[in-house]
Amino acid sequence: MKHGLRNYLENFMDKEPIFKDKMALQSNYTPEFISHRDEQIEQVASVLAPVLRLEKPSNLFIYGKTGTGKTLSVRYTTDEICQMAKEKNLPLKVVYLNCKLKKVVDTEYRIIAQLAREFGKDIPPTGLPTDEIYKIFYSAIDKERQFIVLILDEIDQLVKKIGDEVLYNLTRINADLHQSQITIIGISNNLLFTDHLDPRVKSSLSEEEILFPPYNAFQIQNILKQRVEVAFLPDTIEEGLIEKCAAYAARDHGDARRAIELIRVAAELAEREGSAKVNIKHLDMAEDKIEKDRIIDLVSTQPKQHQLVLYSIIHLANTKKESIITGEVYEIYKGLAGKMGFRPLTQRRVSDVVGEFDMLGLISVRVISKGRYGRTREINMSIVDQTKDKVLVILEEDLGLERTEG
DNA sequence: GTCAATTCACATGAAAGAGACCACGGTCTAGTG
DNA sequence: CTAGACCGTGGTCTCTTTCATGTGAATTGACGA
């Protein structure tokens, strides 16, 4: 056994490496040049540039689908401006906040606390009244003259979670500041995001707007080539693979991030397999793996009660041909919960849980009215059978259930 | 046959409670000089 | 005398429950041709 391991490791060392610099495929990597976004970068720059003349830039709202280079372009531009400001000794500070990172920012309190922390204030994770936090934050930024650019990435997530009140407060903050000026850049994946926003917030947030269109297949190809050159050793990628990969990614709305992840995972698989080249087969495997990993991760991190609801749904999906409705799920769930000694949640709650699964893309849900026979959700599994079985096993393990036949 | 009323089985909303967590300030205790 | 342990208070956060209201079309039943 010991020898086996040693052999394996030695083997691994001997093998031809595929990666040269894996960093270039990480999602937080900033390439030296950003392709196909010149126009947008220029626009961002032109909005922010006044800060170099000590004028407050307009608030900026940026939208575009995932993986269209929004974050990258903004960070790139702000970095440049920051650097220039530094050279000229201008008081500029850029704060970047990704609202998607749970646990960091999903309440009003936490956002402001996080912001205050950026300005060197130590704020407890909880325990203080919210307006106290605001006060601390205000005093933190207003203690010296400075320009602040606040980047709120995935701002749609934020509003979905806690509403637009924070944004309202933030956009109005300038009125209360004597020394400093704050500019907000909102980045959203959701194109329709501004529609259900308080009009006051909307108008002040989107003084300027920039749209990031999705990349087309050709552009993704370029980007991939660029990254691949940095990340991989020469001759490790099979002919035509990049094109194929770009085509995959372009198929689902031009997401460059996905394309890069795809090729990274494919290469990892190839490496593990001991293959010297990454080929189409690996790419296909990678596509499966990414999806599967995502789902499995999602499922295993759910709370027990949610898992049980999901288990009930899958169980029903396996035993029953026609589509599933909420009532059935709840019945099964209640039975199982009772058997396992949980106190079952109310139907109201389960209804929401089902909705959450829909949001996560594990199931797809449609509200239908069956006339006289009521109104309910029609539930369909949206994960493939193979993965579904795996999920079922995980759920059974997590919940300590016996395998139920059927 | 037509049309409005009814009815079902939940969906969807709002509010509020339970049980965590945490900071802060006051009080108590034990250790130190 | 003082540092640290130990409360009680007041605040937030998350997950739930409770109570209320909404809803879309199959079904029903009254009505007129």
Side-chain angles (χ1 to χ4, degrees), chain A residues 97-117 119-140 157-170 195-198 298-313 316-317 320 322-338 340-360 362-380 382 398-399:
Chain A
L97 206 61
N98 189 336
C99 309
K100 199 186 179 180
L101 296 177
K102 270 196 163 182
K103 302 297 160 200
V104 184
V105 267
D106 53 2
T107 68
E108 184 174 6
Y109 181 100
R110 283 188 188 157
I111 286 181
I112 306 301
Q114 183 63 31
L115 289 177
R117 252 176 241 130
F119 290 91
K121 293 278 176 183
D122 206 15
I123 304 254
T126 166
L128 296 179
T130 306
D131 52 343
E132 192 69 20
I133 299 293
Y134 269 105
K135 268 185 216 147
I136 296 176
F137 175 59
Y138 278 29
S139 67
Q157 300 282 327
L158 179 113
V159 172
K160 204 172 71 197
K161 273 245 143 146
I162 55 174
D164 45 19
E165 209 181 303
V166 199
L167 293 182
Y168 182 65
N169 287 337
L170 281 175
D195 287 1
H196 25 251
L197 209 56
D198 186 320
L298 222 52
V299 170
S300 51
T301 53
Q302 291 296 316
K304 287 269 185 286
Q305 294 280 16
H306 292 215
Q307 287 185 340
L308 199 55
V309 174
L310 184 60
Y311 181 82
S312 310
I313 293 172
L316 267 171
K320 185 161 173 296
E322 333 84 80
S323 49
I324 308 160
I325 61 170
T326 314
E328 298 169 335
V329 173
Y330 187 64
E331 283 309 309
I332 299 270
Y333 159 78
K334 213 162 61 176
L336 280 169
M340 294 173 58
F342 287 3
R343 198 165 59 84
L345 301 175
T346 48
Q347 178 148 337
R348 177 70 187 83
R349 180 63 189 138
V350 170
S351 175
D352 278 352
V353 171
V354 170
E356 282 167 37
F357 285 142
D358 181 43
M359 294 282 294
L360 292 172
L362 293 173
I363 58 180
S364 69
V365 146
R366 207 156 52 95
V367 176
I368 52 164
S369 175
K370 295 193 294 176
R372 188 65 210 264
Y373 304 106
R375 206 170 121 83
T376 182
R377 282 197 179 101
E378 186 186 78
I379 302 169
N380 283 298
S382 50
D398 266 22
L399 296 166

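Throughout, protein chains are lettered first and strands after them, A, B, ... in sequence-line order, and every chain is numbered starting at 1. Please read these numbers as outputs of a predicted model, since none were measured by experiment.
Between the side chain of A:R349 and the base of C:dT16 there is no donor-acceptor pair of N/O atoms closer than 3.5 Å.
Among residues at least two apart or in separate chains, salt bridge (Lys or Arg N to Asp or Glu O under 4.0 Å) pairs with a member in residues 344-356 of chain A are A:R348-A:D352, A:R349-A:E356.
Of the possible donor and acceptor atoms, one in the side chain of A:Q305 sits under 3.5 Å from a partner among the backbone N and O of A:R343. In this structure, the side chain of A:S312 engages the main chain of A:L308 through a donor-acceptor pair within 3.5 Å. A donor-acceptor pair is defined here as one N or O able to donate and one able to accept, closer than 3.5 Å; such a pair exists between the side chain of A:E328 and the backbone of A:I325. Counting only distance, with no hydrogens or angles, the side chain of A:S323 and the backbone of A:I379 share no donor-acceptor pair below 3.5 Å. A donor-acceptor pair under 3.5 Å is formed between the side chain of A:R377 and the backbone N or O of A:S351.
The residue among A:Y373 and A:R377 whose nearest nucleotide of DNA chain B is located toward the 5' end is A:Y373. Between A:K370 and A:R375, it is A:R375 whose nearest contact on DNA chain C lies nearer the 5' terminus. Nearer to the 5' terminus of DNA chain B, by closest-nucleotide assignment, is the contact made by A:E328 (compared with the other of A:R348 and A:E328).
Between A:Q347 atom CD and B:dT12 atom P there is a gap of 13 Å when expressed in whole angstrom units. The nearest whole Å value for the distance from the CD1 atom in A:I379 to the P atom in B:dA9 is 16 Å. When rounded to the nearest whole Å, the span between CG of A:L345 and P of C:dC15 equals 12 Å. Separating the OH atom of A:Y330 from the P atom of B:dC10 is a distance of 11 Å, rounded to the nearest angstrom. Distance CD (A:Q302) to C1' (C:dC15): 13 Å, rounded to an integer number of Å. For the pair A:R343 CZ and C:dT17 C1', the computed distance is 8 Å after rounding to whole Å. Note: CD (A:E331) to C1' (B:dC10) measures 13 Å, nearest angstrom. Note: CG (A:D352) to P (C:dT14) measures 16 Å, nearest angstrom.
Between the CG atom in A:L298 and the NE2 atom in A:H306 there is a gap of 12.0 Å [rounded to 0.5 Å].
Within the structure, a side-chain polar atom (N or O) of A:T326 is placed less than 4.0 Å from OP1 or OP2 of B:dA11. Contact annotation: A:T346 side-chain N/O to C:dT17 OP1/OP2 distance is under 4.0 Å.
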Table of protein N/O atoms under 3.5 Å from nucleotides 1-7 of chain B N/O atoms:
from, atom 1, to, atom 2, distance (Å)
B:dT7, O3', A:R372, NH2, 3.2

